[in-house]
Amino acid sequence: MPYRAPLADFRFLLSEVVGFAQVAATERFAEATPETVEAVLGEAGKLCEEVLAPLQRSGDIHPARLENGVVRTSPGFAEGYRAIVEGGWVSIAASPDHGGMGLPMTVTTAVNEMMASACLSLQLNPLMTQGQIEALEHHASDDLKALYLPKLVSGEWCGTMNLTEPQAGSDVGALRTRAEPLGDGSYAVTGQKIYISWADNDFTGNVCHLVLARLPDGAAGTKGISLFLVPKFLPDAEGNPGKRNSLSVVSLEHKMGLHGSPTAVMEYDGAVGWLVGAPHRGMAAMFTMMNNARLGVGVQGIGVAEAATQAALGYALERRQGGAGTIIEHADVRRMLAVMKAETFSARAIALACAVAIDMARATGSAEWQARAALLTPIAKAYGTAMGVEVADLGVQVHGGTGFIEATGAAQYLRDVRVTAIYEGTNGIQAMDLVGRKMMDGGEAAFRLLQEVQDAAEVARHGLPELAGDVWDAAEALREATEALVAQGATDRNAGAVPYLRAFARVLGAHYHLTAAAADPARLALARVAIRRLLPEHAALLAQVREGAEGLFALSAEDLAA
């Protein structure tokens with residue numbers, strides 16, 4: 001069953017569920033009319049179906065490789081990238097000042113999901129560039145913007161981000177990469193970075209690395225880190241790629257999945273770079289790119305979930321076993337497919353709602369919209385990727401023994417998506433961010449969102465009383481748990497962070513399904529699956545939140561090793 005872009009779902013969610021009309025009603029995004037958005041999504045869907053989806057297996061079977069220091073990409077990837085660039089899909093949300101479309105992040109989110117469904121390994125390249133564009137727009141000097149943004153926006157050059165080092169993973173403050181002033185406004189960057197996605201390729205004119213490093217007077221920890229733009233080729237006087245910089249790809253990682261995406265160990269040996277943002281403020285600048293990537297990575301998980309669901313459905317409709325009918329008539333197969341579809345819809349709605357909040361914050365400057373966007377970002381990332389993994393795993397199960405055979409492609413979805421729950425901040429880190437930074441307001445942003453959920457449930461009681469009551473009660477339980485959570489210490493909060501985030505996502509997913517069913521009776525059956533079969537999990541999750549940390553730390557390291 002070939003991939004088909006879920007355009008009807010996007011159209012419905014934008015118009016009936018996540019409130020995209022309020023984005024289009026702002027002055028900043030007035031050009032994002034329904035007709036424009038429909039045309040953009042339609043063209044992007046066509047690209048994904050016809051050009052990118054056929055590359056999915058190629059990237060897995062013929063991985064990127066390193067030959068004499070040169071990265072050779074998978075067959076067809078160069079042509080696929082050119083198609084992405086020619087359509088302007090790298091820079092949908094980028095400022096028109098540098099050649100971007102200036103469309104809402106919500107539209108970018110929908111397009112990125114379709115591209116991730118079609119070929120996740122290749123989609124990761126423009127996703128990194130999108131994040132770098134946003135970081136430079138917010139933090140770079142005017143000279144750097146003028147030189148680099150037009151090239152990045154056009155897709156002629158691409159971007160990466162370099163955080164992790166062998167001894168400094170999530171603890172970025174432990175990095176050892178250093179930057180020495182060269183006296184002319186540039187810096188010599190020296191150090192090694194690992195796990196760098198799309199660190200090099202053979203189809204763009206330059207690769208621009210954003211690198212975290214420490215200046216000579218930089219304090220220890222994250223407060224002493226600065227951010228530098230370090231290109232593969234140093235631009236000449238005309239802004240074209242010139243002399244090769246002192247950096248190299250040491251090796252490519254042999255990974256569980258995403259074989260078409262080269263993940264490199266990078267060595268910087270006095271490479272020339274330029275400061276982005278203020279000295280010692282590198283983490284603030286890099287977080288702009290990371291937050292962009294966190295939503296983008298959550299969407300990658302959703303994209304794989306959609307593709308895995310379509311593949312499993314296609315197989316279930318054709319595979320005959322246990323009688324005259326196909327296996328879709330088996331109750332457990334029907335259950336798995338229903339769960340896959342319901343989870344994908346929930347995660348997609350959360351991601352689009354997060355994108356709407358980002359757009360509204362940018363268009364209005366509203367502190368409440370900014371808080372809403374901040375609250376939803378870790379949920380969208382962690383839940384989107386967790387569901388990507390779980391739905392892809394169910395996809396293998398629907399295929400049965402053939403799912404374990406690589407030729408079907410079902411296993412590739414699971415292998416490819418697994419890393420999304422790890423990179424751009426593990427899902428545990430996302431959960432700790434939710435219960436930590438995002439609760440520094442005493443839970444006010446969370447309470448406002450839960451009030452909206454309960455208000456919508458009250459309205460829905462007239463037509464869907466049973467489902468609406470379940471959603472209202474679950475939101476109330478989450479409200480009470482949030483009140484208790486903000487009164488806890490950091491250790492107890494962190495111990496319950498992952499189940500709390502998942503419970504929040506369960507409630508939000510049920511809310512969006514209820515909204516969908518109220519708008520369209522055809523959505524009622526799927527809403528019942530989400531609300532009656534999946535939402536009850538929230539009670540068990542919140543029970544874990546209430547337990548705090550004591551029971552976990554009662555088990556010593558010796559107990560765990562016994």
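The analysis underlying the following values was restricted to heavy atoms, covering all of them including side chains, and did not include hydrogens, waters or symmetry mates.
The distance from atom CD of Gln56 to atom OG of Ser74, rounded to the nearest 0.5 Å, is 11.0 Å. Taking CG of Asp9 as the start and CD of Glu306 as the end, the distance is 7.0 Å to the nearest 0.5 Å. In this structure, the separation between CE on Met387 and CE on Met340 is 12.0 Å, given to the nearest 0.5 Å. For the atom pair OH (Tyr315) and CG (Leu337), the distance works out to 12.0 Å, reported to the nearest 0.5 Å. Taking CG of Leu229 as the start and NE2 of His139 as the end, the distance is 13.5 Å to the nearest 0.5 Å. Note that the CZ atom of Arg72 and the CG atom of Leu252 stand 12.0 Å from one another [nearest 0.5 Å].
Judged as a ring pair (Phe, Tyr, Trp, His ring centres under 6.0 Å), and not counting sequence neighbours, His538 has no contacts. Every residue two or more places apart in sequence or in another chain was checked for a side chain to side chain donor-acceptor pair (under 3.5 Å) with Glu253, and none qualifies. Under the side chain to side chain donor-acceptor pair (under 3.5 Å) criterion, Glu537 pairs with Arg502, Arg506, not counting sequence neighbours.
A donor-acceptor pair under 3.5 Å links the side-chain atoms of Glu49 to the main chain of Ala5, judged by distance alone. With hydrogens and angles disregarded, a donor-acceptor distance shorter than 3.5 Å links the side chain of Asp441 to the backbone of Ala445. With Ser226 contributing its side chain and His280 its backbone, the two residues share a donor-acceptor pair below 3.5 Å. With hydrogens and angles ignored, the 3.5 Å screen pairs a side-chain donor or acceptor of Arg493 with a backbone N or O of Val486. In this structure a side-chain-to-backbone donor-acceptor pair under 3.5 Å is present from Arg214 to Ala219. Between the side chain of Lys381 and the backbone N or O of Thr420, at least one donor-acceptor pair lies under 3.5 Å. Using a distance-only test at 3.5 Å, with no hydrogens or angles considered, no donor-acceptor pair links the side chain of His399 to the main chain of Thr408. Of the possible polar contacts, none joining the Asp359 side chain to the Pro104 backbone as a donor-acceptor pair under 3.5 Å is found. Using a distance-only test at 3.5 Å, with no hydrogens or angles considered, a donor-acceptor pair links the side chain of Thr426 to the main chain of Ile429. Without hydrogens or angle criteria, Gln167 side chain to Ala174 main chain gives a donor-acceptor distance under 3.5 Å.
Using a 4.5 Å cut-off on side-chain heavy atoms (C-beta onward), His259 and Arg415 make contact. Side-chain contact between Cys158 and Tyr81 is present, with heavy atoms from C-beta onward closer than 4.5 Å. For the pair Ser346 and Leu508, the minimum side-chain heavy-atom distance is 4.5 Å or more. At a threshold of 4.5 Å between non-hydrogen side-chain atoms, the residues Leu52 and Trp89 do not count as touching. Counting heavy atoms from C-beta on, the side chains of Val71 and Asp202 never come closer than 4.5 Å. Looking at heavy atoms from C-beta onward, Val265 lies in side-chain contact with Gln192 at the 4.5 angstrom threshold. Tyr148 places a side-chain heavy atom less than 4.5 Å from the side chain of Trp157. Annotation: side chain of Arg533 is not in contact with side chain of Val339 (no heavy-atom distance under 4.5 Å).
In Gln370, the CD atom is crowded: over 12 heavy atoms of neighbouring residues, nucleotides or ligands sit closer than 6.0 Å. At most 12 non-hydrogen atoms from other residues, nucleotides or ligands lie less than 6.0 angstrom from CD of Glu547. At most 12 heavy atoms of other shown residues, nucleotides or ligands fall within 6.0 angstrom of atom CD in Glu550. Heavy atoms of other residues, nucleotides or ligands lying less than 6.0 angstrom from CZ of Arg418 number 12 at most. Within a 6.0 Å sphere centred on OH of Tyr423, other residues, nucleotides and ligands contribute more than 12 heavy atoms.
Scanning all heavy atoms of the two residues, the minimum distance from Leu375 to Ala446 falls at CD2-CA, 3.8 Å. Contact between Thr190 and Asp269 at its shortest, heavy atoms only, is OG1-C, 4.0 Å. Taking all atoms of both residues into account, the shortest heavy-atom contact from Ile302 to Ala351 is CD1-CB, 3.7 Å. Here the closest non-hydrogen pair linking Ala305 and Gly388 is CB-CA, 4.1 Å. The heavy-atom pair separating Ala549 from Asp492 by the smallest distance is N-OD1, 2.7 Å. When every heavy atom of Val249 is checked against every heavy atom of Ala264, the shortest pair comes out as CG1-CB, 3.7 Å.
For the residue pair Thr160 / Asn162, a side-chain donor-acceptor distance below 3.5 Å is found, with atom types taken as modelled. Side-chain contact check for Thr482 and Tyr500: at least one donor-acceptor pair (N or O, by modelled atom type) lies under 3.5 Å. Judged purely by distance below 3.5 Å, without hydrogens or angles, the side chains of Asn427 and Thr385 pair a donor atom with an acceptor atom. A side-chain donor from one of Gln412 and Arg57 sits under 3.5 Å from a side-chain acceptor of the other. Side-chain polar atoms of Gln130 and Glu134 form no donor-acceptor pair below 3.5 angstrom. For the residue pair Thr204 / Asn201, a side-chain donor-acceptor distance below 3.5 Å is found, with atom types taken as modelled.
With Phe10 as the aromatic partner, Arg348 meets the cation-pi criteria of under 6.0 angstrom to the ring centre and within 45 degrees of the ring axis.
The ring of Phe203 has its center closer than 6.0 angstrom to the ring center of Trp198.
Each of Leu127, Asn112, Val417 was scored for a side chain to side chain contact (heavy atoms under 4.5 Å, CB included) with Gln300, with one residue passing: Leu127.
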Just do the side-chain contact (heavy atoms from CB on, under 4.5 Å) check on Leu212 and Thr177 with the steps written out, would you?
-> CA-CA 7 Å; Leu212 288 178; Thr177 300; over 6 Å; no
side-chain contact (heavy atoms from CB on, under 4.5 Å) between Thr263 and Leu258, worked out | CA-CA 9 Å; Thr263 302; Leu258 282 184; over 6 Å; no
Under the salt bridge (Lys or Arg N to Asp or Glu O under 4.0 Å) rule, what do Glu343 and Lys341 come out as? Steps first, then yes or no, please.
-> CA-CA 6 Å; Glu343 294 283 39; Lys341 197 167 184 67; over 6 Å; no
Kindly indicate, with the supporting measurements, whether the criterion side-chain hydrogen bond (donor to acceptor under 3.5 Å, both in side chains) is fulfilled by Thr491 and Asn494.
-> CA-CA 5 Å; Thr491 301; Asn494 289 343; over 6 Å; no
Dump the intermediate steps for side-chain contact (heavy atoms from CB on, under 4.5 Å) on Ile350 and Tyr383, then the final yes or no.
-> CA-CA 9 Å; Ile350 291 171; Tyr383 183 64; 3.7 Å; yes
Step-by-step side-chain contact (heavy atoms from CB on, under 4.5 Å) determination, Phe345 to Leu13 | CA-CA 9 Å; Phe345 182 91; Leu13 279 162; 3.6 Å; yes
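The residues Glu165 and Lys193 are annotated as salt-bridged, a charged nitrogen and a carboxylate oxygen being separated by less than 4.0 angstrom.
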